[in-house]
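Just below is one structure, and these are the notes that go with it.
Small disclaimer: the values here were computed from a predicted structure and weren't measured. All values below were derived from every heavy atom in this structure, side-chain atoms included, with hydrogens, water molecules and symmetry-related copies excluded.
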Amino acid sequence: MSDTQQPAERSLLETGTLVEFRVVDTHLELGPDPEQFGVRAELVFEGNDGADPAEIAEWGAFGFLFALAVLSFHDARPRGASEREFLPHDAFTVADFFACLSFCRDGLRLEADYVRGRRMKTTVTVRPDGTVTLATWGRGRSAVRWLDQLQGRKWIAAVPPGGD
């Protein structure tokens, strides 16, 4: 299949996984309920060749946003009445992406609250200068795991026989 014939989701994911970034800061934002906290991560795009973060944002912003949205959607579960819409083997689509996407004073923003029964509670803003803010609410430390996955790190390791 040529590049022009591959599904848009695949093209966006391929682009999103090519974007290199550095995590500048990550912190928890506590809420009134200790079980419901937020995670906020500040990132900056960077390349091995010393590429300007703004140049990376030009070609990588859409794909990077889509990749994070796919990871958020995959991990998201229903809460309360949203369970009626939840399908366990559902996938985040380009239509979902555009429904959550906007352009604001700060840059390109993805705001996903509930999408087809999944409580995403994820906001990502990519600024023209190549800086990024990722924020989640009530998702535990999932956002940190998504960033690690995009950087090729693994969170799960095999447990040796005997459980040691």
Is [X] linked to [Y] within one hydrophobic cluster, defined over Ile, Leu, Val, Met, Phe, Trp and Tyr using a side-chain heavy-atom separation of less than 4.5 Å?
X: F98; Y: L13; result: yes
X: V124; Y: W137; result: no
X: M120; Y: L87; result: no
X: F103; Y: L134; result: yes
X: V39; Y: V44; result: no

Any side-chain heavy atom of [X] sitting closer than 4.5 Å to one from [Y]?
X: F86; Y: R77; result: yes
X: F73; Y: R116; result: yes
X: L68; Y: T122; result: no
X: V115; Y: C100; result: yes
X: K121; Y: D113; result: yes
X: L147; Y: F21; result: yes
X: F64; Y: L43; result: yes

For [X] versus [Y], what's the shortest heavy-atom pair and its separation?
X: D96; Y: A91; result: OD2-O, 3.8 Å
X: F66; Y: L12; result: CD2-CB, 3.6 Å
X: D75; Y: W146; result: OD2-NE1, 2.7 Å
X: L110; Y: A69; result: CD2-CB, 3.7 Å
X: A57; Y: P128; result: CB-O, 4.2 Å
X: A76; Y: R139; result: N-NH2, 3.3 Å

Among N48, I56, D49, find the residue that satisfies the side chain to side chain contact (heavy atoms under 4.5 Å, CB included) test when tested with E20.
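Result for side chain to side chain contact (heavy atoms under 4.5 Å, CB included) with E20: N48.
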For the atom pair [atom1] ([X]) and [atom2] ([Y]), what is the distance rounded to the nearest 0.5 Å?
X: E9; Y: F92; atom1: CD; atom2: CZ; answer: 9.5 Å
X: D25; Y: E42; atom1: CG; atom2: CD; answer: 6.5 Å
X: T17; Y: L150; atom1: OG1; atom2: CG; answer: 7.5 Å
X: T136; Y: R119; atom1: OG1; atom2: CZ; answer: 10.0 Å
X: L65; Y: S72; atom1: CG; atom2: OG; answer: 12.0 Å

With a sphere of 6.0 Å drawn around CZ of F62, does it hold more than 12 non-hydrogen atoms of other residues, nucleotides or ligands?
no
Residues in salt bridge (Lys or Arg N to Asp or Glu O under 4.0 Å) with R22, at least two apart?
E46
Would you call D90 and R118 a salt bridge, using N to O less than 4.0 angstrom?
no
Which residues pass the side chain to side chain contact (heavy atoms under 4.5 Å, CB included) test with T15, not counting sequence neighbours?
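Partners of T15 by the side chain to side chain contact (heavy atoms under 4.5 Å, CB included) criterion, ordered by chain and then number, come out as W59.
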